[in-house]
Amino acid sequence: MTATVASHRKPRQHPLASLTGGGSRSARTARTAATLALAGAATATTFDGTGQAAPEPTPAQVKGRVDALYQEAEVATQKYNGAKEAADTARQELSRLQDEAARRTRKLNAARGELGTMAASQYRSGGVDPTVRLLLSADPQHYLDGAAVLERTGSHQATAVAGYARRLGSVRQVRQRAEDTAERLVGTETALKKHRVTIVRKLDAAEQLLDRLTAEQRRRMAGRDGSRGRAADGRADRGAGRGDGLLGGVPTGSGAAAAASAQAPNARAAQAVSFAYGALGKPYVWGATGPSAYDCSGLTQAAWKSGGVSLPRTTYTQVSSGPRIDRSQLAPGDLVFFYSGISHVGLYIGDGKMIHAPHPGAPVRIAPIDQMPFAAATRPV
């Protein structure tokens, strides 16, 4: 009897069964309550901050990251400039070698034609024994005279053959050099594309960061790093010609340029300083060497070129264009370099200031040399 009663009892449910399976109405109600409780917990987690999106960076953080991107782009720009210089040199060398190969090939073909004429003449006259030809000759003396000429011709033929061999070897050498140069050119052009992509990506990333700022925040940032708006840039550029311009509170006119030039150690440096003053306000464009736009090493190269001194293209090579100058001995016209990788350069103008092409959006301007990590200084010769 006891066994029969036990067989009709309902099995006891686990306390969590209502959350995992079917069941009575009360069980469904419990499941709904649990679901709402979980949703509420998730909502509370979102509102208490753990699920929120990352906060917007402050203007100072944006400026720091933008400055870093500009500096990284400058490094890539100098590598691009170096690769472009190497590519231009390779193209010129390849063109010269191709012209030289063409000239030598024409001479080789002429020598081949001369040998062909000699061979044909020898074939026509070489089939008869000289003794028989002497006996059959109507004029033996004439034949003997002709034989002496033939002997001399044979000597000339040997010289011609040797000359042909030399020309053939030289043509092959020139063609091989041309092939090697063409391979080098392919390599430098590949490097150019790589550096170009890097530059564009860095600058695009910087622009995207700047787009997150308001116009007022961008204006304040420009004021802190010394760059200014386009209208002001134009006024400074025009003022430099009239002698009444200001750039960051520093005179930019002919009087300031003349004063800086007068302190230069030589006439070439004075001309470089004068040129740099004339470039104030012109835009920064990576890879540009003027006259309408410059990058940092393009500006210094153009400035010293106006003084009759040919500088190499990149900061890495310009730093070796003259003796190193201690910072305490700087004079107008000296090149001042920045960052441990020597990736930026400016032209010193005295009073702890330089003229340089900073980065996109900041035109050629006057800035203190303390604005960036100082690395070295050189006085071109």
Participant: Return the set of residues passing side chain to side chain donor-acceptor pair (under 3.5 Å) with Gln176 (not counting sequence neighbours), or none when no residue passes.
Facilitator: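 With sequence neighbours excluded, Gln176 shows a side chain to side chain donor-acceptor pair (under 3.5 Å) to Asp180, given in chain and number order.
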Participant: Do you know the tightest heavy-atom contact between Ile366 and Lys353?
Facilitator: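 So the two residues come closest at CG2-CD, 3.9 Å.
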Participant: State which residues pass side-chain contact (heavy atoms from CB on, under 4.5 Å) with Thr105; sequence neighbours excluded, sorted by chain then number.
Facilitator: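 Thr105: side-chain contact (heavy atoms from CB on, under 4.5 Å) contacts with Asn109, Val171, Arg175.
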Participant: Applying side chain to side chain donor-acceptor pair (under 3.5 Å), can you list everything that pairs with Arg313, at least two apart in sequence or on another chain?
Facilitator: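 Residues passing side chain to side chain donor-acceptor pair (under 3.5 Å) with Arg313: Asn81, Asp295, Ser297.
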Participant: How would you list, by chain and number, every residue that makes a side-chain contact (heavy atoms from CB on, under 4.5 Å) with Ala73, sequence neighbours excluded?
Facilitator: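 Ala73 satisfies side-chain contact (heavy atoms from CB on, under 4.5 Å) with Lys202, Leu203 once adjacent residues are dropped.
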Participant: When clusters are formed by joining ILVMFWY residues with side-chain heavy atoms under 4.5 Å apart, either directly or through shared neighbours, do Phe337 and Tyr339 land in the same one?
Facilitator: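 No.
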Participant: Using the test salt bridge (Lys or Arg N to Asp or Glu O under 4.0 Å), find all partners of Glu179 that sit at least two apart in sequence or belong to another chain.
Facilitator: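 Once residues adjacent in sequence are excluded, Glu179 has no partner under the salt bridge (Lys or Arg N to Asp or Glu O under 4.0 Å) criterion.
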Participant: Could you list the residues that satisfy side-chain contact (heavy atoms from CB on, under 4.5 Å) with Ser321, not counting sequence neighbours?
Facilitator: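 Testing Ser321 for side-chain contact (heavy atoms from CB on, under 4.5 Å), a comparison that skips the adjacent residues, returns Leu311, Pro312, Leu335, Thr378, Pro380.
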Participant: Looking at residues at least two apart in the chain, or sitting in another chain, which of them share a ring-ring contact (aromatic ring centres under 6.0 Å, His included) with Tyr316?
Facilitator: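 By the ring-ring contact (aromatic ring centres under 6.0 Å, His included) rule, Tyr316 matches no residue at all.
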Participant: Verify whether one side chain among Glu85 and Thr314 offers a donor that lies under 3.5 Å from an acceptor in the other.
Facilitator: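 There is no such pair (donor and acceptor under 3.5 Å, judged by atom type) between the side chains of Glu85 and Thr314.
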Participant: Any salt bridge between Glu207 and Arg218, counting N to O under 4.0 Å?
Facilitator: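 The answer is yes: the pair qualifies as a salt bridge.
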Participant: Sequence neighbours left out, what passes salt bridge (Lys or Arg N to Asp or Glu O under 4.0 Å) with Arg65? Give chain and number order.
Facilitator: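 If we apply the salt bridge (Lys or Arg N to Asp or Glu O under 4.0 Å) test to Arg65, skipping adjacent residues, the hits are Glu72.
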Participant: Taking side-chain contact (heavy atoms from CB on, under 4.5 Å) as the test, write out the residues that go with Gln61, two or more places apart.
Facilitator: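 Scan of Gln61 (side-chain contact (heavy atoms from CB on, under 4.5 Å), adjacent residues dropped) gives Pro57, Thr58.
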Participant: Excluding sequence neighbours, so at least two apart, what forms ring-ring contact (aromatic ring centres under 6.0 Å, His included) with Tyr80?
Facilitator: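 Applying ring-ring contact (aromatic ring centres under 6.0 Å, His included) to Tyr80 gives Trp286.
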Participant: Provide the full list of side-chain hydrogen bond (donor to acceptor under 3.5 Å, both in side chains) pairs with a residue in residues 94-103, sequence neighbours left out, each pair given once.
Facilitator: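 Sorted pair list: Glu93-Arg96, Arg96-Glu100, Glu100-Arg104.
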Participant: Would you please name every residue forming a ring-ring contact (aromatic ring centres under 6.0 Å, His included) with His195, sequence neighbours left out?
Facilitator: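 Applying ring-ring contact (aromatic ring centres under 6.0 Å, His included) to His195 gives none.
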